[in-house]
Structure formats: structure tokens, C-alpha cells
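Notes follow once the structure below has been shown.
Here is the naming used below: chain letters follow the sequence lines, and residue numbers restart at 1 for every chain.
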Amino acid sequence: MTTPDLFAQDPSSPELARAHELRKLLHQHAHQYYVLDAPLIPDAEYDRLFQALQAIEAAHPDWVTADSPTQRVGGKVLGQFATVRHAVPMLSIRTETDNQASGATSFDMRVRRELGLTETDPPIDYVVEPKFDGLAINLRYEQGVLIQATTRGDGESGEDVTQNIRTIGQIPLRLPSGTPDVLEVRGEVYMRRDDFERLNQTQRARIARGDKGEKTFVNPRNAAAGSVRQLDPAIAARRPLSFFAYGLGEVRGGCSGQQVFATHFELLQTLKQWGFPVSDLVRTASGAAGLVAYHQSIGQQRDQLGFDIDGVVYKVNSLAMQQQLGFATREPRWAVAHKYPAQEQLTTVLDIEVQVGRTGKMTPVVRLAPVFVGGVTVTNATLHNEDEARRKDVRIGDTVIVRRAGDVIPEVVSVLLEQRPAGARQFSMPHVCPVCGSAAAREPDEVDYRCVGGLFCGAQRKQAISHFAHRRAMDIEGLGEELVSVLVDLGLLNSVADLYHLSIDRLKGLVIREEPFVGKGGVMVTKTVTIQDDLANKLLKAIEQSRRRPVDRFVFGLGIRHVGESTARDLARFFGSVERIMAAHVETLLCVPELGAVTAQSVVSFFEQAQNVQTVASLLTQLELTLVQPQAVPPVLDFGNLIPRLLVKGLLTRGSKATQSLLDRFPTPDALLAAQGNGSLIIGSPEETVAMALAGSPWPQVLEQLAELGASWQGAKALATGGSPYAGKTVVLTGTFASMGREQLEQRFLALGAKVSKSVSRKTDFVVAGDKAGSKLDDALKLGVQVLREEDLKDLPGQA
DNA sequence: TAGCCTCGAGTTCT
DNA sequence: CTCGAGGCTA
């Protein structure tokens, strides 16, 4: 039915000539579109040409040629693939597993030795290229027409997947004239990451629709392999595959690789001219140093590439040298693959445990057989919550795929169901706390199970204390989790208040842990680690120093739910003292910017518990907390924002239920003030005065005056921080800085009236990028946010 | 009320 | 770093 050579046909028919013309055009445009990624005509125009050709071919089936673009899609469903013997074996190349530079240098040394070079000889030229994570394919062209495509198989023979490979737009079906009579091009079929994501999305949609036999893929490599080995070419045609050429197989007649090209690099350039996609990451490199540099450079770009790679490949560039080096058994001596640590690995699930967090949140965690993935050994991975655990359906004994992709945190990607041991039971969250035995329940509309034990629960008590000692809270150096655990178990520490009653006598000689190790003569001995005087003194000194900390760190350290670092700072700035926060009512708390009903209620609930009040009161007698930021900016209450906020929060608008009840209870501001005892609606000396002056007036007049004052206060605030280009701006810091720590820099910006935020958005004014800037810098560039380097900050005042 | 923008909380390993 | 959810704004 098909004729291999187009020119064997009668050229006199105008329709036939048109078909010929259309094929030529379509080949050209396909190359522009798929390979060069620079279409010259709109898709619709391409489709129009395509349909015109289809129409002619439908009328004259005998005119259809093997290389016709219409033949990319089509063919029939196969029962199985035919096995084809390779004319030239598809060898594998040796892999350097070493993830250090030594992999590159040892290859260079080996090559030099085998070529008989000495140290005085010039460095060897190499071609370096990424090692794509896909599957190797051999493309056979005869008289310039693609006639067969085969998988690598065992290297000697592979499977005939011609039908499916034809559907890949990047692979030319016909070559320009002047190519060898027989030409085999080898390369990698792979799937781009974005194509992979899109494919899985549509697959999920199909599954949701109930389509039988559809599934999602674990990774792009599997998707590519699955698609190439798809028996139904119509399905394969829907799969977005890509191709990179990197070498040759059999070549006969016309020009022959060995004779025409002097180097591998020239060969690749020629393949590119013939219409094959060649990666633009391919480079030449000189000597071991060049290899090392390339390995590093690609390693750094690895996560940003549009496709997966598992390493890089080094090839001796000179074909003459390649010939001289020859082969060792089944591997070329002139090439080597230098792999990166795998980012995905298989391992088994040893156990699934439940951890209890500071807030009582119960988190299921899988214990894994140690596995080296992404450069580190992973033994744990979180399942986050019950829903997530159900979705992934991980069970003890399962074989799972573990990933450490662009991020750092290991994650279970999926379970290999076919390897599940019989009788493996589905995981379910326990309904009691695994630590203290209290009830554990999941609130409606929440994903998390929580232990209700509170500080009765050992896990929560220990973590509450650790949190208090945290670097960003009271910063008690040397008081780590292990030590806290020991002290709590011994009954020396029952609450954070006990910290300030510890003495050297009580600490000295306490057993921290028993450590087994191999002693003399291979006998196992247990070593008892105890607290030495040195350590005890250090710890006591750190505790002593922590007596003087800013109010906001203390508030953060209390561990009130929903009150993190930032909210603690807001609270401290607004109220000025812990006592005032303790006395505050929900209504007062709602006046704090950025603080809503949920958090306000949480604060009130915390101080409704007698135990907490007792602990805090005890602490306050022990501590000399310092005021928040006694710097340039006074704790100014922004009236301009306050009024709309009070309105929005329903405190000052008639109509809403909350307002109504508030107004019923407090018909005038002074009634509210009186009800709050020592607290006042507005805190801080100037504002307090204002509030007093207003006492007695009805709400509407208060509002009016507040509005007036708001304007002048904003002016005052601008004055206070005026002159600084950062006043009122939102700044995000990323990376590390040479002149000072990040926290210090953060303080500087806060002092200048800037807001330091943790994530970049369109509302961010500046991103300050230090060394090793992370993804926030990318975000900044993406969103067009102004980026400052450390040296641009020279004008930061207060740089004592 | 939806759709940002942030913050809080939990997690891993060197 | 990521997820979920609180708070604010259009």
C-alpha cells in the first residue's frame, strides 16, 4: 500500500504534484514548529494544509507514502511488538556513580593513560551533554525516509515501535537530500515535565469520567516508556513526547560518519542540520577541569530544566581518538555517564507511627528502610494527616517510591501495589493519643486529629518548653529537645516557670542517655552520658541571660495557638506589656491590626486557663522583659486603619449581630473602657489620652474625632520614619548576608518602618538578595519586583 | 463572597 | 518548603 520513494510516481498529474508540494511544506513547518520551536505559520494554517493533503490521499490511497506527514498518526492496534535485531549493537555506557568531581577526573586520567599521553600533553577535548531520563531509540532511515524505529532492548535486539515513534513531531520522517543511503540515528525519547503534568491532568479527568484502562504516571520517564510501548498508536499519538539525538548506528553509502567528520561535535551539528533536535546544552569541554565544571553547572540547573536528567555524559570529541580507545567488552572506552544522586528511589515501609506536635496535632509518619536519595539518606517521610494517608494508602511492608525533588523534604510519591504483601492493613488514625492516652478527635471541617490532653500530655509539655527556649523565642542555648525530655521525665521541669528554679546541684550528674558503642576487643559497651559541670553551667548561664528578652519573644514563646512570631509582635506592639494582653477582651484584641476573631478568641482562651495564668504570673516575677523596639518609631496606633477595621469587624456598625451586642453592652466608649478595668481601648500614652478625652461621648462623635486624629497620626508616623526609602515598604529577605545576620538585618528594616515579610508577592516592594538566594529571588524576577543586592544597602542608617 | 496575601505549624537532614 | 487557614480587600 505504501511506496517508499516519492519520485517513483507519475509526476505529470497536477494533483500528485500538489500532494508532493504539500508534503514538502508540512515537513518544513513541522520542523519549524516541533524542533526549532519557531512556527512560521499559525496552527490553523498548518491544519488546513494537513487536511488538504489528507483529502488527496483519501482519494488516491496508492499515492500515500511512508514519509507522508499524515502517516504520523494511524496504523493499527498491535497484539505485540515485533523483535528486531540491531544492525549495530546499542551498547550501554559505563556509569560513574561517584557524585563528586572524582568521577570526571578519573575518567580523564583513564583516557589519557590508555592513549599513552603524559602530563605535558595538552588537555583532551570532550563533548559533554546531559543524560536524558527517557528511553533510547534507534531510528533507521533508508534513502532518507524513516522506515523503522526500535527500542534498545537488551542491546542486541529491541522492539519495533515505528508506529508510535512516527507520532513524535520532533522526529523527521524524511531527511534532506545528501544523507547516506542507510542512516541510523540514535537518541532519547523523553517527556517534558510540563507535558507530563498536563498529561496526568487529562488522565485524571479521564479516570474521573470513568474511562477504563486509563491511569496516571509516576514520573515523566515512565510516561515516556509507557507511551512508546503503547500497542494502540492512536493513544500514543496523544502522548506529548520529545526527542534528542546524540549518536549514530549503522551508516552506509553516501557519506559515512567516520570518514566525513573529524569530531563527535561536528557529527551532532550535522544531525541538527538534517533536522534532528540536538540539545542546546551540549558543549565541548577541555580536560578534567572542563568536565568537572560542566557536571557542576548542569547539576545546579537540574531542577530548573524542563525535563528530567539523571546525569551528564562525557565523550572524547575526536573520532580518531575514539577509534584508538575502542571498546572494553560491551562498553566504549571513550565515553562515560556521570550520574547525579537519584531524586527518586524505591524503599520499603518499616512502620507507620503517629507523632504528637506542640499543639496536639497528630501527624502520621512513615519509617522507611534507609535509602540514599537526592544526596542524603532518608529514613522518614511525613504523611501530613489522615486524608493524605488515605489518598496515598501507604501500608506497613509496602514498597514505595520516595522523592526528594526540587525541595528538600522527602515525600512518598506512590506505592507499588503489585508488591504489597498479603494481609497488609490500611492505616487508620488512632482515637487516643499515642503518648498520653487522652482522647484524640478530629474537629468537623478540619483535617487534623488533636490530642485533647494539653499540658497533661508529655509530648505537648515537652514541646511547649522547647518552644519557649526556641532561638526565635527566649533563645536559651543548650536547652535542646533531648535535654528537655530528660528533665521533664525526671520531674525537674513541669512547666516553663521551673526553668528559672534550676540549680547546679540538681543538674549535675544527671543521665542524659545510654549510648552503645564498640569498645576494646570488639565488645559492646554502654557509655553513660551525663551532664558535666561545664554543660550545667553553660545552661544556667543561658537561662540567666534569657531573663531579659523583648516582650514579643516572650509572647511568642508562650505557644498560644495561632500566635506565631509575627502576631506576637503585633500584640506586643499594640499592648506594650504582657499584663495588658492578659487582661484584654476579645473586642480589644480585635482592634489589633492583622488580628481576627479566631486568633483573638485563642488568646482569650489561653488566659482563661488557670494553669496558664499561674505559669505566666510566676514567670513575670522572674523576668525583666524589655519593651519592643525602643527605637525611633513610637508604638503608634494607626487610626486611619483602625476605623475601617472596627467597622469591618462589626464593632462599630449597627446591624450586624456582633455590633448590636457590643453596642447594647457598651452604649458609649467609656462604658467599654470601664468594663475593661485596667485595660483601655487604645493603648500607649498619646492614644490613652485621646481615649480619655473622648470618654462620655457617643460612638458617632468618637468616630468623627478618631478620623480627624487618624489623619494627623499618619502624618506623625510618616515624620517619625521619614527620610528612609524603606518606610512603609514591604521587604523580603533571601539568602545570607556578609555584613550581618539575617535576623539583624530584619531588625534594621523594622526599625526603619519597613514591613519584613516572608513570601514574595506583587505587593512586595523590594527583595533583598544575599548569597545563595533561593526561590524567592526567582519569584521576584517573575513578578517584576525590584531586587536589591547587599551592596545597594550601604545607605541603611544605624549601621553601627 | 472570592481571591489574594500572609502567617502558623509541621517536617527532614547535614 | 509546603500546606492549610486566617485576615483583608475589592
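At least one donor-acceptor pair under 3.5 Å links the side chain of A:T347 to the backbone N or O of A:A369. Between the side chain of A:K392 and the backbone N or O of A:V412, at least one donor-acceptor pair lies under 3.5 Å. A donor-acceptor pair under 3.5 Å links the side-chain atoms of A:S605 to the main chain of A:Q601, judged by distance alone. Without hydrogens or angle criteria, A:R549 side chain to A:L625 main chain gives no donor-acceptor distance under 3.5 Å.
Between A:S757 and B:dC5, a side-chain N or O to OP1/OP2 separation shorter than 4.0 Å is absent. In this model, the phosphate group of B:dG10 is approached by a side-chain N or O of A:T359 to a distance below 4.0 Å at OP1 or OP2. In this structure, A:R561 does not reach the B:dG8 phosphate: none of its side-chain N or O atoms is under 4.0 Å from OP1 or OP2. Residue A:T379 has a polar side-chain atom (N or O) positioned under 4.0 Å from OP1 or OP2 of B:dC13. A:T363 has a side-chain polar atom (N or O) that falls below the 4.0 Å cut-off from OP1 or OP2 of B:dT11. Checking the phosphate oxygens (OP1, OP2) of B:dC13, a side-chain nitrogen or oxygen of A:N380 falls inside 4.0 Å.
In this entry the distance linking OH of A:Y449 with C1' of B:dG10 reads 19 Å, nearest Å. Atom pair A:L571:CG and B:dC7:P shows a separation of 14 Å (rounding to whole Å applied). When rounded to the nearest whole Å, the span between NE2 of A:H470 and P of B:dG10 equals 12 Å. Here B:dC7 presents its P atom at 18 Å from CD1 of A:I560, a figure rounded to the nearest Å. When rounded to the nearest whole Å, the span between CD of A:E353 and P of B:dG10 equals 18 Å. Regarding A:M362, its CE atom lies at a distance of 12 Å from the P atom of B:dT11, rounded to whole Å. Put simply, NE2 on A:H384 is 17 Å from P on B:dA9, counting in whole angstrom units. One can place CG of A:D448 at 10 Å from C1' of B:dG10, the figure rounded to the nearest angstrom.
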Provide a list of protein-nucleic acid N or O atom pairs under 3.5 angstrom, restricted to nucleotides 2-4 of chain B.
none

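Every residue two or more places apart in sequence or in another chain that forms a side-chain hydrogen bond (donor to acceptor under 3.5 Å, both in side chains) with A:D308 is listed here: A:R193.
Looking at every heavy atom in both residues, A:F766 comes nearest to A:Q786 through CE2-OE1, 3.2 Å.
Relative ring orientation between A:H338 and A:H295 is described as parallel, the plane-to-plane angle staying below 30° on a 0-90° scale split at 30° and 60°.
Closest to the A:Q355 side chain, of the nucleotides B:dT12, B:dG8, B:dC13, is B:dT12. Comparing atom distances between the A:T599 side chain and each of C:dG6, B:dA9, B:dT11 picks out C:dG6 as nearest. Counting only heavy atoms from C-beta on, A:K361 has its side chain closest to B:dG10 among C:dG7, B:dG8, B:dG10.
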